[in-house]
Amino acid sequence: MTYKALTLATLAALSLNTAARAEDKEKPAPDARTQVKIEESDRKPALPVGTVVPDFQLKDSEGKDVDLNAYRGEGILVVTFLSGKCPVSNALHPSIATASKTYGEKGVKFLGIMSNSTEKTVEVAASVRKQGIEFPLLDDPGNKVADLFDAIGTPHMFIIDKTGKLSYSGAFCDNWKEMDKAKRWMFKEALDAVLAGKAPAEPEPDDFVGCSIKRVKTTG
């Protein structure tokens, strides 16, 4: 190939690459919500830290009514969304159970919520009981409370302080597969801070939460 021909070929290739890049820039960015994988999410909860958590009423796995207002003023409350099928949730149930007992001695109350449309609350309750969880598990039909919190997965941990304000929203720790190798225990650190009357250093850590909550599909 002559120098002139080589130069023309090079210029043609550069022109095509420039056109391709221009075309890519014109394409709209994908909606982040459509890119969420089945066991992770990069969305942050919509309920801002520092705001009062709205009241809700649900039934527990035994059919008894539970009202959030009944827990207000009694101390710190932890709300966590659980699943019987999610491997992340199942791996963390024993640690969550231990935390509920340890912090329960310090006056912290725990509530579990099951919002997955693909599971039955009574079955999830039976499963988590075998893993040591004794606190109430509430049924969230239509994932209304999950939407209220904008809970993104299981187990999504929320801490509500004595005044009813949200203090923490995020993961339990940074390594659910090998917890002995976890370097950050965000939930514990946040709960310790709230118990001490302080604001958590990381109230909304940008870390993996768990399996996505399987919400009820709506039309229209």
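Reckoned from all heavy atoms, side chains included, excluding hydrogens, waters and symmetry mates.
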To the nearest 0.5 Å, what is the distance between [atom1] ([X]) and [atom2] ([Y])?
{"X": "K181", "Y": "N175", "atom1": "NZ", "atom2": "CG", "value": "8.0 Å"}
{"X": "I213", "Y": "N116", "atom1": "CD1", "atom2": "CG", "value": "6.5 Å"}
{"X": "I113", "Y": "H156", "atom1": "CD1", "atom2": "NE2", "value": "11.5 Å"}
{"X": "D174", "Y": "F187", "atom1": "CG", "atom2": "CZ", "value": "15.0 Å"}

[X] vs [Y] side-chain heavy atoms within contact, under 4.5 Å:
{"X": "R184", "Y": "E202", "answer": "yes"}
{"X": "L77", "Y": "L68", "answer": "yes"}
{"X": "K106", "Y": "I76", "answer": "no"}
{"X": "M114", "Y": "L82", "answer": "no"}
{"X": "F135", "Y": "V78", "answer": "no"}
{"X": "V53", "Y": "F149", "answer": "yes"}
{"X": "L148", "Y": "F56", "answer": "yes"}
{"X": "F158", "Y": "L166", "answer": "yes"}

Walk me through whether I96 and V128 qualify under side-chain contact (heavy atoms from CB on, under 4.5 Å). CA-CA 10 Å; I96 293 173; V128 301; over 6 Å; no
Out of the candidates D139, L58, L138, only one should pair with V66 under the side-chain contact (heavy atoms from CB on, under 4.5 Å) rule; please name it.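 Result for side-chain contact (heavy atoms from CB on, under 4.5 Å) with V66: L138.
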Hey, mind stepping through I133 and R129 against side-chain contact (heavy atoms from CB on, under 4.5 Å) and telling me if it holds? CA-CA 5 Å; I133 288 178; R129 296 290 179 256; 3.8 Å; yes
Indicate the atoms forming the closest heavy-atom contact of [X] with [Y], along with that distance.
{"X": "H93", "Y": "S83", "answer": "CE1-O, 3.0 Å"}
{"X": "A193", "Y": "P200", "answer": "CB-CA, 4.0 Å"}
{"X": "V88", "Y": "C211", "answer": "CG2-SG, 4.2 Å"}
{"X": "W176", "Y": "P87", "answer": "CZ3-O, 3.7 Å"}
{"X": "M157", "Y": "T80", "answer": "SD-OG1, 3.2 Å"}
{"X": "G84", "Y": "N90", "answer": "O-ND2, 2.9 Å"}

Okay, side chain of [X], backbone of [Y]: is any donor-acceptor separation there less than 3.5 Å?
{"X": "S127", "Y": "E123", "value": "no"}
{"X": "D140", "Y": "A146", "value": "yes"}
{"X": "K214", "Y": "S212", "value": "yes"}
{"X": "S89", "Y": "C86", "value": "no"}
{"X": "E119", "Y": "V124", "value": "no"}

Please test C173 against L92 for side-chain contact (heavy atoms from CB on, under 4.5 Å), starting from the C-alpha separation and ending with a verdict. CA-CA 9 Å; C173 66; L92 290 170; 4.3 Å; yes
Looking only at the side chains, is there a donor atom on one of D161 and T163 sitting less than 3.5 Å from an acceptor on the other?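 There is such a pair between these side chains.
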Do Y103 and D192 pass the side chain to side chain donor-acceptor pair (under 3.5 Å) test, and can you show the C-alpha distance, the side-chain angles, and the key distance before you say yes or no? CA-CA 9 Å; Y103 287 98; D192 285 340; 2.7 Å; yes
By side-chain contact (heavy atoms from CB on, under 4.5 Å) - contacts of K101 (at least two apart):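 side-chain contact (heavy atoms from CB on, under 4.5 Å) check on K101 returns A97, E134.
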Set of side-chain contact (heavy atoms from CB on, under 4.5 Å) partners for D67, sequence neighbours left out: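 Testing D67 for side-chain contact (heavy atoms from CB on, under 4.5 Å), a comparison that skips the adjacent residues, returns D55, Q57, N69.
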